[in-house]
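Let me begin by presenting the structure, written as structure tokens, before commenting on it.
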Amino acid sequence: MSSPDTKAEEIVEDPIESQEELIIDETRNAFVTSIATDLGSDFIDSHVVPEIDVWIRVTQEAWLETAKILFEKHEMSFFNFLSAIDWMPSPFGREMDAAIDNLDDEVSVETEMEWGITGGEKRFQLLARVHNPVTNLGVNVKADLEGDFPEVETWTPVYPGANWHEREVMEMFGISFKNHPNMVNLYLPTEFEGHPLRKDFPLLSRRAKPWPGIVDVELMPGEDDDDTEESGEET
Amino acid sequence: MGLVENGKLPGPLTKLLNISRKYSLWVYQWGLACCAIEMGAAFASPRYDVMRLGVIPFPASPRQADLVVISGTVTDKMAPAVRRLYEQMPEPKYVISMGSCANCGGPYWDSYSVTKGVDQIIPVDVYVPGCPPRPEALLEGIVLLQERIASEDMTDRWNRDPIVVT
Amino acid sequence: MSEFLRNWLTVLIFGGVGILLVSVFLGLGSLLRPSRDTPQKRINYESGVDPQGDMWSQANIRYYVFALMFVLFDVEAVFIFPWAARLEVYGLFGLVEMFIFIFILALGLLYAWRKRLLRWV
Amino acid sequence: MLLNQFLILSAVLFCIGVYGVLTRRNGVMVLMSIELILNSVNINLVAFAAFREAIPGEVFALFVIAVAAAEVGVGLAMVLLLYRNRRNIDLAGIDSMKG
Amino acid sequence: MNLEASTQQLSYIANQASDARVNIELETEGMTLNLGPQHPATHGTLRIIVRLDGEQVVSAEPVMGYMHRGYEKLTEVRTYPQVTTLVNRIDWLGSFANEVPFILAAERLMEVEAPPRAQWIRTALFELSRIANVVLFLGDMAVQLGATTPVFYAFRDREFVLNQIESVTGGRFHPNFDRIGGIKDDLPKGWIQETKDVLSRIHSFCDEMEDLVVGNEIFQTRTRGIGIIPADTGLAYGLSGANIRSSGVDWDLRRDGGVGLIHDQLDWKVWTHPDGDSFARYWVRLQEVRESCKMVSQILDGIPSGPIMAKVPRIIKVPPGEAYVETENPLGIMGYYIISKGDLVPYRVKIRSASFNNVSITPWVLKGVYVPDVISILASLYFILGDIDR
Amino acid sequence: MTGFFLSQIQGLDPLTSDEVLVAQNVFFGLIALVMILAALKMVTTENIVHAALYLVIVLAGAAGMFILLGAEFVAVTQILVYIGAIIVLFLFGIMLTKGSFGTEEGELRERNRMAILVSVLIVAVTSGSFIDSFRDAELNRQAPSTTADIGDSIFGQFIIPFEAISVLLLAALIGSVVIARRDQ
Amino acid sequence: MTVFNLAIELAYWQQTVIRSILGLVAVLLPAGTLVYLYLFKMMSFMQSRLGPMEAGPYGSLQLLAEVGKFLQKEDLFPRAADRVVFKAAPFVVLASTFLLVLVLPAGPDAWFINIDTGVFLALAVSSISVIGILMAGWGSASKYSLIGGLRAAGQLVAYELPLVLAVMGVVIQAGTLNVQEIVLAQANGEIFGWGGIGNPFIITQFLGFVIFLIAIQAELTQPPFDMPVAESEIVTGYLTEYTGMRFLLFFIGEFATAGIFSALAATFFLGGWYIPGLDPTSNLFNLIGPLVLVGKMLLVSFLIFWFRFTYPRFREDQLQQLAWKVLVPLSLLNIVATGVLKVVF
């Protein structure tokens, strides 16, 4: 059988070690430049963590186009995952949070939307990751989606593996995909109402019965400070 | 006719029948979640070897099973199938609820898709706590069930009100 | 003749004993067993969901071909048995006759083989 | 035992077979009725063999069984062909299928 | 349970009854066969609706969600240390391995690094949980193909691995041992020697399987050439782990990923197989168990001394940011995409689980095979329901 | 009837031929009754699988008849080939042509009457002629035929038909394979 | 020995009653022995477990518990099922088993029937169970059952043929179809003029023995030929819908048939009730013959169960190919070779 030696040489070094100095990541920067040129005005933003990871953000219209470029030009043949993010702050404030009985004074109900490292301005952001198994370069692709029940092109023609991921996103976030072969619920019963991963989906059990939260243990002298999570199972 | 049912059997015979039920518990081979592996360990691992106790893990169809171990999380999507599994087993049948999830929802007590306890849909004879319970705990549960079967009054069992799930 | 018929009467009786055994077991069972009939119980088992589609659906045509070949070779076997039991008497002549018989049928097997019927297509 | 017992039994079976062939339109049923007829013939053959204390009758019965096996094989194959082309095995409509 | 919740509960159950009747329209001559949710072949509760023509599969449609427990939502209401309790239960056979990428992602956001000893112990446990996981596969695949005995040997020898995991972590099944910035405890006394004995047991188990299963002619005829997945198709569906390596793709995150574990300091080999069939998947996994044993014994010999926890605050708040970390878990690539807003709880956690992608190829790969091969292929793809349904 | 059972209770020694005769007649009556009933059910039942199972009963009855006639080899052949093989072939054939389990009503009534008429006519004519020609012809076989007898007959007198059978079987195999092939 | 002489001078009805009782024993005893000894104990030992231990010493009363339990189980049949066919199937299967046990001789005078066509009858009745299985599969109106029934029937007919043809070599050598005479031929036979151990046909018919073993393995639907009841594919095949007593009867039938087939193999190839060094006509064999036969039966069924616990299962088409491409040609070859040798020597 084949051996690991046949592998291409450009494997990145241990990222954690190289994180100390400020290094310029040639590969990723080149990649970002290349894809920005290809996409033109549809390319919005990018973020590179040197030697570790790269994010790009494209417009909703160029979503499928991006996949094609990534697949064909950059040989990102490995489909990793596809998901979405709901940036809207939970309308329930901290009620749903585990920390409800452990509020520090600075924690307050947030009202403003706040986006991740590549920014954004819409409620939903689509997030996908593809990978090139040869050069071992992975890229996170994001796109802002318009509206409360957005619709976007499907990736299945390029990555057949996106099929189930898109179904999952559909049922979890209510984002539908154009031209998807089988747009039905994946996990939940068809009659399930609501989209659980939206921030405004309430966990009813929690409302009925408050979460015991972190049991704030007084530290014994000399005790390690890592045993604060024992309360998960006893309900 | 069901002589067992109307309790017209002489005592020693009832005892005999109870004992034979006790030592011949065919258990349905089906696991739900994490606990299924511990159940599998109890069934298949030479260290635990549940067959010693006369629990025979042969049947793959509920039609031949006497005992079902609900081992793991029951989700709302799964619940009708679990219910049907129970329905399709022939009487007399026993249920062991294994693990926190099957008992009460366990770590998923606040999930939107998990049934909080299998006893909401089917009657349970023995609860085995743990997340997951060790195989020894399941063995303990089976032994408890066997003790219960050995001294069971079938007439009482048959004439008990059926558990209604609306 | 009477010895012969008695032997076969025994055959009949044994068939009867078999059926009797089943009946006795089932009878005993029906004395003891409970009956708690619910509609769900009477639904076919199909991995815990409602049965879908036609229960008695079409079988694979392969089965027919194999059964057909079995029938024909079975008939062959019927003719081999008396030959086998009396081979000493028939000697070389019987041997040759049977070889021709087996050979012709083996041709059938060969035909099916060559036509790739023995594969599961 | 009388020879006639067997002959009449076989006649009755034969007629039931004929009735089946005439009334049933299902191809498989027709074949089964033919089996019935062949069986009645066999009973006849063996009865005569016993009557004459001669073996050839029995050997002929064996041959009839062999022929029946071949007949069923081919007959069922034809029924299958019919079924594949027409999705039923109703022989009544077969005359409409010319060529 | 209050009224609202119980009404919701009951309506789910009622709705589900109708959902169980999911019928794929297409009333052809064929037969629709349900494998699952109560079916021994589906490792639990996967349901596969296969449409048959005779015994040949015309189309196969997996229906999942019978084990969907809502991890991604629940992580949003658990603090970071509490999340490990949950994610333990995703791939329940190699529980410890589930914690590692999550902890690594959180560490990356917090910009802490576990001390070397912790990393070594982590890697040892990571590989032990791989052994515990894949050993069971080696037996289970045989039992799916009808050989009853190997699974008993698998359970027998797996017990010893679990013992070792238990004696370090205290949890036989769901250790919940990894911490942000290190691990919970140090190794107990005598553990290293015991583990070496266990490893030799596992080695002999592998040899046994090589004889009993791989060397068996019937096993070979049942698996060779069955369920062939070409490399590009596999990649496009996102197959990972041994599934893709047995299609000839030489890609292993333990070697190529370069995150937080110390695989790059060990001497081992990535096995691939050019065939991409069920047999290759079994064979590659068998070799990987051996490689894992090799790795663990090297770790046992070279484990450095030092602290096991980095300096982290008692109440963990992760700084705002996004991070994605994936590791080569027993089932394939498992990754966590964590979005933090600086709270006690993650804002969003996307769990990229291996089996979900691995199983998503089933409609493609099952087309045109025979019913017995469905079993062989499903078994060789090796999925765990919790890992699919999360 | 009682005579028959009494005859069974007596000792091991060979029965007198009268006793054998009584026993044979009793069994003949029983088997014939079962056969005719099963045959009637077979041609009238609407479920083809049931029909095939009734055919099994008829065939088993025929085997019994062969035994009564002392033709052991033919009887066992009947079981092996007919019950063990041809019925299985029938059952496969039925399951291959599903959807035909239904009823076949319609304009059958007319044909039904005709068929009954024809059948009864044939029974009447043949039975009449049988009774006329064989009247009280006794079957008085003393010993059952043996396998050796059958073999000697086949490999002596009937060697050509025997070889012809092999050709017939080959032809049937090839013919039905050609007909039933899926792809063409 | 007078007892035995007496026994054979009983009236027919007395003999028949005795035979029926012995027949019941001959069916149920092997079934029970095989289930307990092999299915429970040997399997467990091979899998480094203990097997049933609690019910009685070493779990020896386990079988009684099983019967007692199954007696109390509810009797169900699916609404869609064909009731009559569904209920009649176990009768057919068990009747086939009982007819099969008939031909086994257990001593010079200890036989159930002694007919001219014994071998032929055994093979004929063994094929009746196919109908029972098809009835079970079709009558259940369940897909798993139907597929299982069809698979079982396809498999049983495919392996019936090697079974029949493999015995042919024995018949040629013994020159008779009578089972008792086959045993005597082995007892009185000589190997190149040396009659020390008789001539058990396994020596000359080793190929036939192997084919016969493979064929009975398949006839019994034991692994590696257990596709009809493959639980990881079609749940329990044609048994899927059977509950309680009816299931147990199928179970008994399966294991009783296993025992009887093993005994047949022992009779055809290993000398049956005979052990070398004793006079085969001696009355002693009426006493020890059954024990010898059971011993040999256990030996052969050990092989069957050993394979059962060791091998994975074939696929349906591989099974058919094995039957038609390997076993049938080989057994035809065996017939030809045996015939030639018989005529030449």
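We use all heavy atoms of the structure for the numbers below, so side chains are in, but hydrogens, waters and symmetry mates are not. Chain letters run A, B, ... following the sequence lines, proteins first and then strands; every chain starts at 1.
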Sort [X] into side chain, backbone, both or neither according to what part of it lies under 4.5 angstrom from a heavy atom of chain F.
X: D:Leu76; result: side chain
X: D:Leu9; result: side chain
X: D:Phe14; result: side chain

Next on the checklist: For the backbone of F:Met42 and the side chain of F:Thr45, can you confirm whether one donor and one acceptor N or O come within less than 3.5 Å of each other?
Outcome noted: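 No, the answer is negative, given that no donor and acceptor are paired below the 3.5 Å cut-off.
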For [X], which atoms come within 4.5 Å of any heavy atom of chain D: side chain, backbone, both, or neither?
X: F:Val118; result: side chain
X: F:Ala85; result: neither
X: F:Ile165; result: side chain
X: F:Phe90; result: both
X: F:Phe158; result: both
X: F:Leu55; result: side chain

Item to check | Partner chain F: residue of D:Val67, D:Val18, D:Leu62 with the largest heavy-atom pair count (under 4.5 Å) | outcome: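 Going by pairs under 4.5 Å, I would pick D:Leu62.
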Item to check | Ring centres under 6.0 angstrom apart (D:Phe6, F:Phe28) | outcome: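 Yes.
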Next on the checklist: D:Val64 and side chain to side chain contact (heavy atoms under 4.5 Å, CB included): which single residue from D:Val59, D:Asn44, D:Leu45, D:Asn39 fits?
Outcome noted: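 Of the listed residues D:Val59, D:Asn44, D:Leu45, D:Asn39, the side chain to side chain contact (heavy atoms under 4.5 Å, CB included) partner of D:Val64 is D:Leu45.
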Next on the checklist: How close do F:Gly70 and D:Glu58 get, counting heavy atoms only, and between which atoms?
Outcome noted: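 That would be O-OE2, 4.4 Å.
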